[in-house]
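Chain letters run A, B, ... following the sequence lines, proteins first and then strands; every chain starts at 1. It should be emphasised that the depicted structure is a prediction, and the values quoted were computed from it without experimental measurement.
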Protein chains: 2
Amino acid sequence: MGSTARTRVTLKDIAAHAGVSRSTVSLVMQESELVAGATRKRVQEAAAALGYVYNRGAATLRSSRTATVGVVVHDIANPFFGALMAGIDETLQAADYIPFLASSGDSLDRQARFLARMREHRVDALLLCPAEETPAASIEAIADWGMPCIEVMRHVGKSPLGDYVGADLRTGVINAVRHLVIQGHRRITLLAGIADHSAGRERLAGYRHAMHEAGLDDLSNVDRGPLTRCAGRERTLALLRGNTTPTALICHNDLVALGALLALSHLGLRAGRDCAVIGVDDIEEAALAEPALSSIATHPRAIGRNAAELALKRIAQPEGERQRIVLEAPLVIRASSRISSAVAQELT
Amino acid sequence: MGSTARTRVTLKDIAAHAGVSRSTVSLVMQESELVAGATRKRVQEAAAALGYVYNRGAATLRSSRTATVGVVVHDIANPFFGALMAGIDETLQAADYIPFLASSGDSLDRQARFLARMREHRVDALLLCPAEETPAASIEAIADWGMPCIEVMRHVGKSPLGDYVGADLRTGVINAVRHLVIQGHRRITLLAGIADHSAGRERLAGYRHAMHEAGLDDLSNVDRGPLTRCAGRERTLALLRGNTTPTALICHNDLVALGALLALSHLGLRAGRDCAVIGVDDIEEAALAEPALSSIATHPRAIGRNAAELALKRIAQPEGERQRIVLEAPLVIRASSRISSAVAQELT
DNA sequence: CCTCGTATTTGGATCGATCCAAAAGTGTCG
DNA sequence: CGACACTTTTGGATCGATCCAAATACGAGG
């Protein structure tokens, strides 16, 4: 197979070899229906014989389609975004698109630099988990560039400006609170993050709504802090040493919840019996924790798939009606929030 | 800021606005030293005033540099590869390069499709964790295409054909076995994967070497199976129910090891006291498991950084001498492999 | 003032595809 | 046989940058 490094094969070479014009070869490459079957075959054979490699850059220059999509996440090392990316990759691969990836580290500066680069590369669309504090103007600017942008998981402003794909965390948290209330819990604390973004606000709204519904407004308690496993452990320890200790914790994500489980076992308490714990995301680890962790499942892979599909649709119809896809975030009940260890069940 | 959608600004427009030629503007964009300071400033101001966006596609057509790099991993949802990717992204961002990402799912077919696409996009280099069973010919073919390729974590063939970045798992496993032997363990089982690739062979070589060194050849026991957390649990249960039960387990990766911990606690046994467990990768979760998991640290982020740096170097010097970078994989000793719970220490 | 070397600037060709309007080929039918 | 409709094919212009050899500007020295 090893070919000698001769000069690069272009459409012109194929045209000469197959006895047709450049234009015809181009049409074949674009899988156009215009060209006759016999001709198409001859051209394809010539291309194969010469070892032709399509030059997408050259095609882009004329047609301004790149078959690429830009993806920005906060931190690709976080398993949640890994799974999200897996869903995106899967869908794009099937459509012969390829993702450019960047981690913003929740820094506006890095996000801006990446966006500028994506613009230079003329990606066909952008999948953006906006960094904290991203101003609405940035999203509008992207639209202004003529670049379709899908906001994923978070959106800037009160409600999404354009296309959006996320999980229904509000309902998820409401279900979680109801599930706890039914079991007799009254002092339910929300372990939230510090930053103020849509995904955090949704959780908070669900929590407030459900606590109010249960007549527990005056027992509402929101604890704000960092969102790592370690922080979850420390914050839980602090809460349990306070004077009004909660009987149940709803955590911003599973990492924090797993930290909370560590804190409980460190104090010799049993999650579920002594204090209920519920996380968010239902990462793989949740089911295998000891005791198994109840969690509001956000299905990152499915979100990734939906977001990528929406991006492809928007590329095809740039002016189509904007969509807002909100996937269900069902509560998965496991031992960490059950007094008795009855069989696992799911609430919608 | 919202500009109306007028026709796209090109070098020609800037040239007209600044009263110079296209060529001069081009030189400014390339940050060439040739152009006089005053002219440069005038051009830059004109570009800013007109809202110019560099068209990298057009530049590529002529210069055949894309400022992109292709990255192939097996599964981006795996936290190990997430961390690896974070290191790659970090390094590339600093150099104004951008990664294309694809998950091969360890499928040769998907890998081949992605490689073909990368070729069409003319990436400047490739970072490849080769899928299982990748033939050496594929790697040679990539080189033949004139595309620098860095093998990461795994390499095809006995030893790397070209550039390679990985971790010294052989020494890591040797240290693990020695650490166990010193504590009196003799029946040490290696929980390996099924596939035959370099990373698996290195672990095995280390294991065989150290067992031989300790005169334990006839007690060597390699168990092959799937590499998930669940599989780790099941495989450990099966081993402990066998007739010659191991007193220590060295697991292919931390996921398997965490599964092993679950199995032990399920049987009412305590890891470290009743059976030692050591994993590979030292993922974040390892330190927080209960009991804390000993692990051979592969530092995926550092590997990602090194691999990306090597790629950049190879782009600058395509014909430079091939490199083989093998990072240390130190054994991090925690409670899961210690009889007494002495303070944590590290072995090199 | 002219010459020569160095520092800047420039026009035209070029990279490799697509687009478009027009040309060529094919078949049907009065 | 010629008109007409329809299917295929084609040449030239074009996308927006870079490359290169040649032109020009500038300054110092004779």
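Whole-Å rounding puts the B:Leu34 CG to D:dA25 P distance at 18 Å. Atom-to-atom, CZ of A:Arg62 to C1' of D:dG12 comes out at 11 Å; the value is rounded to the nearest Å.
With hydrogens and angles left out, the side-chain atoms of A:Asp124 and A:Thr66 include a donor and acceptor closer than 3.5 Å. In the model, B:Ser107 has no side-chain atom that pairs as donor or acceptor with a side-chain atom of B:Ser104 under 3.5 Å.
Contacts of B:Thr24 with the nucleic acid, taken as non-hydrogen atoms under 4.0 Å apart, include base atoms. Residue contacts shown for B:Thr60 are absent, as no nucleic acid heavy atom lies under 4.0 Å away.
Under the 30°/60° scheme for interplanar angles, the aromatic rings of A:His121 and A:Phe100 are found to be tilted.
Taking 4.0 Å as the cut-off between side-chain N and carboxylate O, A:Asp163 and A:Arg324 do not count as a salt-bridged pair. Using a 4.0 Å cut-off between a side-chain N of Lys or Arg and a carboxylate O of Asp or Glu, B:Asp106 and B:Arg154 qualify as a salt bridge.
Taking side-chain N and O atoms only, B:Thr10 has no distance below 4.0 Å to OP1 or OP2 of D:dC15.
Comparing A:Arg40 and A:Arg22 by the nucleotide of DNA chain D that holds the closest heavy atom to each, the one mapping nearer the 5' end is A:Arg40. When each of A:Tyr52 and B:Gly37 is assigned the nucleotide of DNA chain C bearing its nearest heavy atom, the one mapping closer to the 5' terminus is B:Gly37. When each of B:Ser63 and A:Arg42 is assigned the nucleotide of DNA chain D bearing its nearest heavy atom, the one mapping closer to the 5' terminus is A:Arg42.
For the segment residues 11-20 of chain A, the set of residues with a heavy atom within less than 4.0 Å of an atom of DNA chain C comprises A:Leu11, in numerical order. DNA chain D lies under 4.0 Å from no heavy atom of any residue of residues 115-124 of chain B.
What you find for A:Met147 and A:Arg119 is that their closest heavy atoms are CE-CA, 3.6 Å. Minimum heavy-atom separation, B:Ala95 to B:Leu312: CB-CD1, 3.6 Å.
Here the nucleotide nearest the side chain of B:Leu27, chosen from C:dT9, D:dT10, D:dG16, is C:dT9. Which of C:dT8, C:dT10, D:dA17 sits closest to the side chain of B:Ala36 comes down to C:dT8.
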